[in-house]
Amino acid sequence: MQKRKRVLVKFSGEALSGNNGFGIDTSILKFIADEIKSLVTHGIEVGIVIGGGNIIRGVSAAKDGIIKRTSGDYMGMLATVINSVAMQEALEHVGMEVRVQSAIKMEAICETFIVRRAQRHFEKERIVIFAAGTGNPFFTTDTAATLRAIEIGADMIIKATKVDGVYDKDPNKFLDAQKLSELTYERAMDDSIKVMDDTSIALAKDNNLPIVVCNMFEKGNLLKIIEGNLENCSIVK
Ligand code: UDP
């Protein structure tokens with residue numbers, strides 16, 4: 001039997017908040033759930049990481065010095081669990097089998113991350129959502145997503161964003177920003193580009209994990225990319 005493709009899709013927490021800028025917009029959850037469902041029905045094994053920026057980020061929480069950065073980061077990790085449980089519901093709503101695995105033990109809410117157990121879920125065509133980041137402060141969910149992608153042996157990590165790829169400068173600020181369809185890990189670490197934080201890019205580079213950046217709101221795009229059509233994205237490799 002041909003080996004099934006396995007991917008890790010990373011969504012930012014902010015993307016879930018829609019126009020509100022905070023909280024969770026269930027119509028966006030539903031949109032994402034339908035997109036992920038189409039991957040699973042095409043025989044793709046899917047792991048998901050969701051950020052927590054729609055609820056809280058450690059750096060912002062600790063800005064005025066009242067909350068310590070480490071506590072702020074744990075609050076951020078808890079925010080990713082809230083988003084993951086919401087995503088689990090949306091995926092179940094469209095008929096998928098899903099498990100949330102947290103890097104921090106929370107047995108009343110979800111499973112604890114165990115890579116072998118995650119592998120078994122994939123074999124049984126279940127989606128696995130990896131919550132609570134890496135379980136450590138001073139990291140990001142991009143790093144957590146890269147780490148999990150490597151641990152589960154994913155073929156690629158897809159960073160699903162609001163833009164259609166990587167630009168040589170911020171396309172929201174510069175009209176002459178050029179899209180880069182393919183770039184090296186080194187270029188991706190350039191200050192003007194910053195696809196993800198340096199820790200996650202370095203981890204991807206060391207393990208030859210391709211990073212794809214695409215627009216999450218373009219229907220059918222994730223499936224096209226995984227099936228090899230890279231027109232509507234950028235790839236770091
Ligand atoms: N976080 C952390 N360790 C991790 C992952 C996340 O401390 O391994 C915290 C950190 O405070 C971060 C917050 O969780 O700001 C939310 O994650 P992130 O900012 O990556 O979310 P996104 O920007 O993708 O919504």
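Note that ligands are numbered from 1 as they come in the structure, with each ligand's atoms numbered from 1 the same way. We're numbering straight along the sequence, starting at 1.
The pair K5-E227 fails the salt-bridge criterion, with no side-chain N (NZ, NE, NH1 or NH2) lying under 4.0 Å from an Asp/Glu carboxylate O. With salt bridges taken as basic N to acidic carboxylate O contacts below 4.0 Å, none links E97 and K124. Taking 4.0 Å as the cut-off between side-chain N and carboxylate O, E111 and K105 do not count as a salt-bridged pair. A salt bridge links R187 with D190: at least one charged nitrogen is closer than 4.0 Å to a carboxylate oxygen.
At a cut-off of 3.5 Å, with distance as the only test, no side-chain donor of D25 or S17 sits close to an acceptor on the other residue. No donor-acceptor contact under 3.5 angstrom links the side chains of N232 and N215, judged on distance only. One side chain, S200 or D197, offers a donor N or O that lies under 3.5 Å from an acceptor on the other. Neither side chain, T146 nor T143, offers a donor N or O lying under 3.5 Å from an acceptor on the other.
Interface atoms of ligand 1 facing G51, defined by a heavy-atom separation under 4.0 Å, are 21 (O), 22 (P), 24 (O), 25 (O). When each atom of ligand 1 is checked for a heavy atom of P137 under 4.0 Å away, the hits are 7 (O). In summary, the atoms of ligand 1 found under 4.0 Å from a heavy atom of G53, numbered by their order in the structure, are 21 (O), 22 (P), 25 (O). In the vicinity of G133, heavy-atom distances shorter than 4.0 Å reach the ligand 1 atoms 4 (C), 5 (C), 8 (O). Within ligand 1, counting atoms from 1 as listed, the ones closer than 4.0 Å to a heavy atom of T134 are 4 (C), 8 (O).
Counting protein heavy atoms only, atom 5 (C) of ligand 1 is closest to T140 C, 3.4 Å. Scanning the protein for heavy atoms near atom 18 (P) of ligand 1, the closest one is T141 OG1, 3.4 Å. The protein non-hydrogen atom at the shortest distance from atom 12 (C) of ligand 1 is G58 N, 4.1 Å. In terms of protein heavy atoms, atom 1 (N) of ligand 1 is closest to F139 O, 3.4 Å. Counting only heavy atoms of the protein, atom 9 (C) of ligand 1 lies nearest to D73 O, 3.4 Å. Here the heavy atom of the protein found nearest to atom 21 (O) of ligand 1 is G52 N, 3.1 Å.
Under the 4.0 angstrom criterion for non-hydrogen atoms, A79 is not in contact with ligand 1.
Which of G13, G76, A61 comes nearest to atom 13 (C) of ligand 1 through a heavy atom is settled by distance: it is G76. The residue among R57, E14, M196 with a heavy atom at the shortest distance from atom 19 (O) of ligand 1 is R57.
Contacts with ligand 1 closer than 4.0 Å are made by side-chain heavy atoms of K10 only, the backbone lying farther away. With a heavy-atom cut-off of 4.0 Å, N136 touches ligand 1 through its backbone alone.
N136 contributes atom CG, which lies 9.5 Å from atom CG of L147 (distance to the nearest 0.5 angstrom).
Both tests pass for K169 against the ring of F174: distance under 6.0 Å to the centre and angle within 45° of the axis.
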